[in-house]
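Each chain gets a letter, A, B and so on, in the order the sequences are listed, and its residues count up from 1.
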2 protein chains.
Amino acid sequence: MDVDTRLLRSFKAVAEDGSLTRAAERLFISQPALTKQIRQLERCVGARLFDRSKAGMALTGAGRALAGTATAVIEAWDAAERAVRAAEAEASKVLRIGFLASAANEKTQAILAAFRERRPDWRVELRQAGWGDPTAALASGEVEAAFMRLPFPDQDDYRLLPLLTEPRCVAMAAGHRLAARESLRFEDLLDEPFVAAPAPTGAFRDHWVGAAAREGREVRIGAVTEHPDDWLSAIANGDGIALAPQSAARYYARPDVVYREVSGVAPSTVALAWPKPPPRDGALADFIAAAVECADDSA
Amino acid sequence: MDVDTRLLRSFKAVAEDGSLTRAAERLFISQPALTKQIRQLERCVGARLFDRSKAGMALTGAGRALAGTATAVIEAWDAAERAVRAAEAEASKVLRIGFLASAANEKTQAILAAFRERRPDWRVELRQAGWGDPTAALASGEVEAAFMRLPFPDQDDYRLLPLLTEPRCVAMAAGHRLAARESLRFEDLLDEPFVAAPAPTGAFRDHWVGAAAREGREVRIGAVTEHPDDWLSAIANGDGIALAPQSAARYYARPDVVYREVSGVAPSTVALAWPKPPPRDGALADFIAAAVECADDSA
DNA sequence: AGTATCGATAACCTCTGGTTATGGATGTGG
DNA sequence: CCACATCCATAACCAGAGGTTATCGATACT
């Protein structure tokens with residue numbers, strides 16, 4: 001019998017958090033829809049996969065068997081998708097590179113130039129990814145590599161080449177009461193509301209609200225944004241402040257947003273990331289070589 | 001993005017015979033439906049997979065990339081399905097065994113008895129498979145093992161345990177002009193129409209029309225059947241004659257069908273077949289052990 | 001006991017995915 | 001050289017899959 005991989009992804013989500021309701025909102029569908037999906041999957045494999053109880057959904061033996069193998073199916077498909085995209089790109093001499101908002105900065109141009117030198121007849125297509133699901137484009141092969149800021153979710157599934165490291169500063173509304181001070185300590189910001197990335201990004205979000213420097217103190221979330229424009233607007237709007245790489249002061253300068261030095265937070269590293277089965281000989285290999293050439297030794 | 005494995009199977013079919021029209025009839029859907037499926041798949045991966053021409057469909061570079069990886073996805077899913085079915089069977093203490101029509105004979109009872117001795121609390125469910133796609137039930141784990149007659153399609157994908165070998169005879173309508181003779185030579189039957197299995201079964205069909213003993217002479221197909229009842233009816237009806245294992249004379253005796261010895265055709269072997277990743281410790285292992293115990297040494 | 005929570009169900013609507021019938025382009029045989 | 005067969009694309013149509021909101025019944029917690 002046949003399945004849609006979407007059913008498998010839904011199944012995994014339900015299996016992971018043991019609840020239809022929660023999984024449904026994580027998947028951005030309604031709970032009844034997810035109920036139907038799970039029933040359909042059960043009909044498809046001919047076995048009950050969950051024990052329903054008021055406390056939630058618990059895997060049955062059959063369910064556990066599927067949980068152990070479903071991932072392999074999804075990964076096989078993702079790999080197939082990547083293979084197709086890579087072949088397609090090869091044929092049309094286009095290299096698709098993603099960049100996480102605010103990860104593309106001065107380095108980018110140098111790397112592109114070095115790549116053009118190696119493959120003059122190729123074109124590089126840059127695609128911006130939101131903070132919502134930053135690795136999605138990489139996983140499906142929609143881009144063959146991406147400039148990312150570390151850490152990001154499922155980072156270990158990829159090869160990483162650190163490119164540069166830069167201090168972080170703090171961005172705030174021009175009229176913010178702390179904006180008058182030339183430089184700040186992170187301790188001064190502990191109680192400020194922050195403009196943050198969506199919660200599912202885990203370690204990424206944590207890093208940018210300075211979780212490591214908080215010693216467990218909860219952060220106040222003033223707003224959640226996915227894209228630089230929203231982010232800047234939220235900051236300018238006074239919804240909260242945010243940590244930002246120093247280069248943001250140059251790339252995202254606005255009259256209603258100021259950037260101030262801040263002490264006591266770790267710097268931020270930009271890396272090039274690509275799927276683990278590394279490129280055999282394609283254009284991506286040349287792009288990586290170009291990146292290696294341009295990388296800061298310190299990073 | 002997500003796919004239905006059906007799309008992948010359709011894609012494979014089209015890729016294999018390079019024609020929408022032919023693939024469509026092999027898949028038992030209309031040609032426009034298949035056209036849509038392929039377009040949908042192309043939309044899904046974001047690349048053209050085929051070059052359309054009047055001569056047929058030829059894979060593009062991207063198509064070749066998918067052809068190389070799609071099989072892995074399908075196999076991963078089939079394996080997942082098997083795992084679920086196996087877990088389900090384990091939980092309910094049911095072992096599902098398939099048998100190709102006319103493969104179940106005296107041996108079966110002995111094996112079942114030997115298995116019952118090892119696992120008294122288990123139940124064995126026997127499921128008959130048609131000749132149309134005899135390995136389907138095995139591939140999807142609908143049954144965990146099956147009694148098959150060799151050869152059968154994709155035979156190498158399974159572990160095989162030969163159980164017995166028996167001569168083949170010929171079945172024909174009681175009123176057939178050759179029915180009067182007590183025994184026949186296969187040469188006498190070369191021009192007779194045969195009742196055969198469906199064409200896609202390849203080597204299996206060939207074996208049962210005696211292709212090996214024909215030295216290339218075409219067989220006349222009088223009828224195509226999938227199940228023993230149709231088969232017997234077609235023979236009784238005079239649509240053609242057929243080779244049959246000797247035991248068929250006992251298990252499929254009918255007043256309007258006679259079985260006659262025939263010389264010059266190889267005997268037929270019955271084997272137990274199960275998917276290659278062999279059972280670790282489950283009930284299937286005991287079933288196989290029971291079968292080993294009952295197997296003819298000669299087979 | 002009252003309430004919040006969780007999964008199941010019902011009613012409804014849209015769009016997917018199938019069908020048949022037909023068209024246009026390209027080789028092929030008389 | 002024309003008639004024809006073949007192959008894929010398209011159109012029109014129809015059933016059902018798969019989503020939504022609203023509601024229910026059962027359980028656990030306060």
Next on the checklist: Please evaluate residues E25(B) and T21(B) with respect to the criterion side-chain hydrogen bond (donor to acceptor under 3.5 Å, both in side chains), reporting the C-alpha separation (whole Å), side-chain torsions for both, the decisive distance (0.1 Å), and the verdict.
Outcome noted: CA-CA 7 Å; E25(B) 75 189 40; T21(B) 316; over 6 Å; no
Next on the checklist: OP1 or OP2 of dG7(C) versus the side-chain N and O atoms of T35(A): is any pair under 4.0 Å?
Outcome noted: no
Checklist entry - Taking the nucleotide of DNA chain C with the closest heavy atom to each, which residue, K36(B) or Q31(B), is nearer the 5' end? => result K36(B)
Item to check | Atom-to-atom span, CG of L20(B) to P of dT26(C) - whole angstrom | outcome: 17 Å
Checklist outcome for this item: In whole angstroms, the gap separating P of dC6(C) from CD1 of I38(A) amounts to 16 Å
Checklist entry - To the nearest Å, how far apart are R48(B) CZ and dC8(D) P? => result 13 Å
Item to check | Interatomic distance, D4(B) atom CG to W77(B) atom CH2 [nearest 0.5 angstrom] | outcome: 10.0 Å
Checklist entry - Q37(A) near the nucleic acid: base, sugar-phosphate alone, or nothing, with a heavy-atom cut-off under 4.0 Å? => result sugar-phosphate
Item to check | Nearest-angstrom distance from the residue atom CG of L7(B) to P of dG18(C) | outcome: 8 Å
Checklist entry - Is any side-chain nitrogen or oxygen of R6(B) closer than 4.0 Å to OP1 or OP2 of dG17(C)? => result no
Next on the checklist: Over 60° means perpendicular and under 30° means parallel, so tell me whether Y158(B) and F152(B) are parallel, tilted or perpendicular.
Outcome noted: tilted
Checklist entry - What is the distance from CG of L41(A) to C1' of dG18(D), rounded to the nearest Å? => result 15 Å
Checklist entry - Does the side chain of D51(B) reach to within under 4.5 Å of the side chain of T60(B), using non-hydrogen atoms? => result yes
Item to check | Protein-nucleotide distance (D51(B), atom CG; dT26(C), atom C1'), rounded to Å | outcome: 16 Å
Checklist entry - Should R22(B) be listed as having a side-chain N or O under 4.0 Å from OP1 or OP2 of dC7(D)? => result yes
Next on the checklist: If the cut-off is 4.0 Å, is T21(B) near the phosphate of dT6(D), judged by side-chain N/O to OP1 or OP2?
Outcome noted: no
Checklist entry - Taking N and O atoms by type only, does the side chain of Q40(A) place a donor or acceptor under 3.5 Å from a partner on the base of dA17(D)? => result no
Checklist entry - In terms of ring plane angle, is the pair F11(B) and F50(B) parallel, tilted or perpendicular, where the classes change at 30° and 60°? => result tilted
Checklist entry - What integer distance in Å separates L34(A):CG from dG18(D):C1'? => result 12 Å
Checklist entry - Just how far, in rounded Å, is C1' of dA17(D) from CD1 of I29(A)? => result 14 Å
Checklist entry - OP1 or OP2 of dT10(D) sitting under 4.0 Å from any side-chain N/O of R39(B)? => result yes
Checklist entry - Where the side chain of S19(B) is defined as all heavy atoms beyond and including C-beta, which of dA22(D), dT19(C), dC8(D) is the nearest nucleotide? => result dC8(D)
Checklist entry - When we call it a touch if two heavy atoms are under 4.0 Å apart, what does S30(A) touch: a base, just sugar-phosphate, or nothing? => result base
